[in-house]
Number of protein chains: 2
Amino acid sequence: MTRLNMRELARKLGVDRSTISRALSEDKAHLVAAETRERIREEARAAGYRPDLTAASLRRGRSHTVGVLVPDLGNETFINVIRTMFRHLDQRVVPPLTPLIAETLDQSGATRHLVQTFLSRRVDAIVSLASTETDADVLRDAAKEAPVVLAIRAISGASFPSALCDDRAGGAMVATHFADRGHKVVCQVQGPPMAATFKQRARGFSEVCRDRGIAEIPHGVFADNATSAAGKRALDALLAASPRPTAVFAHNDALALGIIEAMRHRGLRYPADLAIVGFNNTHLSRVLAVPLSTVDYPVEEVSRHAGELVRNLIGNPGYTVESRSFTPSLIVRASS
Amino acid sequence: MTRLNMRELARKLGVDRSTISRALSEDKAHLVAAETRERIREEARAAGYRPDLTAASLRRGRSHTVGVLVPDLGNETFINVIRTMFRHLDQRVVPPLTPLIAETLDQSGATRHLVQTFLSRRVDAIVSLASTETDADVLRDAAKEAPVVLAIRAISGASFPSALCDDRAGGAMVATHFADRGHKVVCQVQGPPMAATFKQRARGFSEVCRDRGIAEIPHGVFADNATSAAGKRALDALLAASPRPTAVFAHNDALALGIIEAMRHRGLRYPADLAIVGFNNTHLSRVLAVPLSTVDYPVEEVSRHAGELVRNLIGNPGYTVESRSFTPSLIVRASS
DNA sequence: CTGTTAGCGCGTTCAT
DNA sequence: ATGAACGCGCTAACAG
């Protein structure tokens, strides 16, 4: 028993295969007489005909898929951007785009390999939420074969169509907040600077500290990855500094949470012993017994714009792209 | 500028296309002379040749992809199972299987549509973590074209190769724990019973309550979905019951968290005013100021077995399948 | 508006 | 061990 294909369906209906192809397509359906078209669609449905998309992909050179690179599938913010973007696309692209999602875990070399796979599958576009400085070449090469869109993380010195958050402004807001509350010695626990997000957050924060005459001590506390485990390990460095900081900016909520856990372990309390602000406004920040101040990530805007970039760039190589950066907002809660 | 294909590569090397195909494949490489094979592989790499997988898929009738249905991309447990399963598969399947991930949001009808898409793309297998009672027919039909594996959620009355958690035992553990702590009146906040997971957890819990002579009051508190928002809404029902329960079993950690938030809002404390146990042992349960007792989900075992089922069923239709169910374990923390 | 023809790039015969 | 030839199922180009 073999699958029903166009040839058989055409035989049943007494028309040519190409007429079927046209009648079932979205953009060429108007070339078929209304009556024939309905007859074909009716019979296709009744017979349970499903087009073979691997054949269509080969013929068209495009598979109606979008390759998505994400650093970490467990990260709420990335996932929210992906799902919001595809929800957006589903509503306005026919036939729908199937996501191919792959996780890089920020391992160098992962991007190269995964991009190859995407291109082999003839994706219509690639969206990277995982780009780091070292990915520029790979993505530039990829862009010769399929549109490449960056979301969340930019690549400094490279110009790709992008949908971003103004992380620098976000970092600045946190420093301003600390200054306004009278903190004189502060600190940041930075995520890996290979990701532009963290670099910009650090930059915005430090700039305002300088302007407002606040000391950043100790200066460079880097977490090897932006997780709560790394946050836990960072606390020791903060407490060893002299003078000791009275407030800390964690580059995301997971890092903040790690710091909080480590403090609890030592019997310290926030904000009394140390004020804390995170980044992303994840669900978690709202449900802590002492809720976390954090920077709200503009998920909706970033996702929508990323979706629009993908939509416009597909089959539209000359599209003049507007990269955009959306401003986040500080949410002050009890932790600061 | 067109992509480099086998024909061109063959011309460059002075061999036939089919020799290239064999040399680059995993299973037929031995048919090519070692020297020729290396020469071909060398040149393919140097020239940056990437096979067109849409063409290969059409020819083979399989795309080396696996369709994955998941109820909610934001749910840590589902995501962990997916990533663990593919990490497992990546290490032992060549060429690697690309996941096609689709979210059902537990909307009826979503499964039918998404399964069609998967089959149109000629997936090698379908893994559903999202199955509900009403999906049985769709999946049974799908199974005629590609192996279907169930993970996490079974379908009662249908027999698919499955990798599950013994949810009934998990529910029973919670009830036993409550009984041992001397609770006489308890309650459960149930997830939607269309998902077998919740039905089994409820069943295991109720059975033990009956055996140990504990009252379940009010009897059926159902959340329309297993999220913290639904948990929040459930608290009122618990507090209105008479006699009032002293302990509650939430069918997952998100529900438990909602209950906790609602309690905090009312100035109630746990476990003093109400003991709480969740399910899944998500990250969240560990980081609450008063950590949550919960049932640890056997993610590793379930994922590994799901991966093995997929691996064995692909290209092996006669494989005798061993569905398995793994026992979870209760983790008692401060909330109970 | 519909049919005819060709070919996308590969993997698999079958022959040598 | 290699080459020749075919066809997977579809869509595009061209004709009428």
Side-chain angles (χ1 to χ4, degrees), chain A residues 1-41 44 47-65 94-95 119-122 124 145 315, chain B residues 1-41 44 47-65 94-95 119-122 124 145 315:
Chain A
M1 168 207 127
T2 173
R3 279 173 51 125
L4 175 64
N5 62 19
M6 265 193 190
R7 178 164 27 246
E8 300 250 350
L9 191 62
R11 194 174 302 154
K12 279 194 195 178
L13 283 161
V15 298
D16 191 80
R17 310 206 285 277
S18 42
T19 305
I20 305 230
S21 174
R22 286 189 277 252
L24 296 181
S25 86
E26 206 61 33
D27 50 341
K28 301 204 168 135
H30 66 277
L31 295 173
V32 178
E35 193 200 0
T36 324
R37 186 175 57 226
E38 286 318 311
R39 196 164 61 94
I40 290 173
R41 293 192 166 189
Y49 171 69
R50 265 179 292 98
D52 185 321
L53 294 183
T54 67
S57 301
L58 171 58
R59 182 58 241 236
R60 311 191 51 165
R62 289 289 164 215
S63 58
H64 294 304
T65 59
V94 284
L119 293 175
S120 275
R121 294 203 177 274
R122 312 235 56 170
D124 293 45
E145 297 186 46
Chain B
M1 169 206 124
T2 172
R3 279 173 50 126
L4 175 64
N5 62 19
M6 266 192 187
R7 179 165 27 246
E8 301 248 351
L9 191 62
R11 193 173 302 154
K12 279 193 195 178
L13 283 161
V15 297
D16 191 80
R17 308 206 286 275
S18 45
T19 305
I20 305 235
S21 174
R22 288 189 274 252
L24 296 181
S25 85
E26 206 62 34
D27 49 341
K28 302 209 166 131
H30 67 278
L31 296 173
V32 177
E35 193 200 0
T36 323
R37 186 174 59 226
E38 286 318 310
R39 197 164 62 92
I40 290 173
R41 294 192 165 191
Y49 170 70
R50 266 178 292 98
D52 185 322
L53 294 183
T54 67
S57 300
L58 171 59
R59 181 59 241 239
R60 312 192 53 169
R62 289 288 164 217
S63 57
H64 295 303
T65 59
V94 284
L119 293 175
S120 274
R121 293 203 177 273
R122 312 234 58 168
D124 293 46
E145 298 187 44

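Throughout, a chain's letter reflects where its sequence line sits, starting with A, and its residues are numbered from 1.
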Does A:S25 put a side-chain nitrogen or oxygen below 4.0 Å from OP1 or OP2 of D:dT11?
no
Could you pick out which residue, A:D27 or B:H30, lies toward the 5' side of DNA chain D when each is mapped onto its nearest nucleotide?
B:H30
Does B:R7 reach a base, just sugar-phosphate, or nothing at all? Heavy atoms under 4.0 Å.
sugar-phosphate
A:Y49 has its side chain closest, among D:dC6, C:dT2, D:dC10, to D:dC10
A:A33 has its side chain closest, among C:dC1, D:dC10, C:dG11, to C:dC1
From the set D:dC10, D:dT2, D:dC8, return the single nucleotide nearest to any side-chain atom of B:L58.
D:dC8
For A:S63 and A:S57, indicate whether the former's side chain and the latter's backbone hold a donor-acceptor pair under 3.5 Å.
no
Residue B:T19, side-chain atoms from C-beta onward, closest of D:dT2, C:dC10, D:dC10
D:dT2
Categorize A:D16 for me: base, sugar-phosphate, or nothing, with a 4.0 angstrom heavy-atom threshold over every strand shown.
base
Minimum heavy-atom separation for B:A23 and B:A29, please, with both atom names.
O-CB, 4.0 Å
For C:dT2, take OP1 and OP2 only and decide whether either is under 4.0 Å from a side-chain N or O of A:S18.
no
Taking the side chain of A:R60 as heavy atoms from C-beta outward, which of D:dT2, D:dA12, C:dG11 is closest to it?
D:dA12
Heavy atoms under 4.0 Å, any strand shown: does A:S57 hit a base, just sugar-phosphate, or nothing?
nothing
Look at all strands and tell whether B:S21 reaches a base, only sugar-phosphate, or nothing, counting heavy atoms closer than 4.0 Å.
base
On a heavy-atom basis, which atom in A:H64 and which in B:R121 lie closest, and how many Å separate them?
O-NH2, 3.1 Å
By nearest atom, which of the nucleotides C:dT12, D:dC10, C:dC10 is closest to the B:R17 side chain?
C:dC10
Below 3.5 Å, does any donor atom in the side chain of B:R122 face an acceptor in the base of D:dG9, or the other way round?
no
Among the nucleotides C:dG9, D:dG3, D:dA12, which one has an atom lying closest to any side-chain atom of B:R59?
C:dG9
Any N or O donor-acceptor pair under 3.5 Å from the base of C:dG11 to the side chain of B:R62?
no
Of A:R22 and B:L4, the one whose closest DNA chain C nucleotide lies more 5':
A:R22
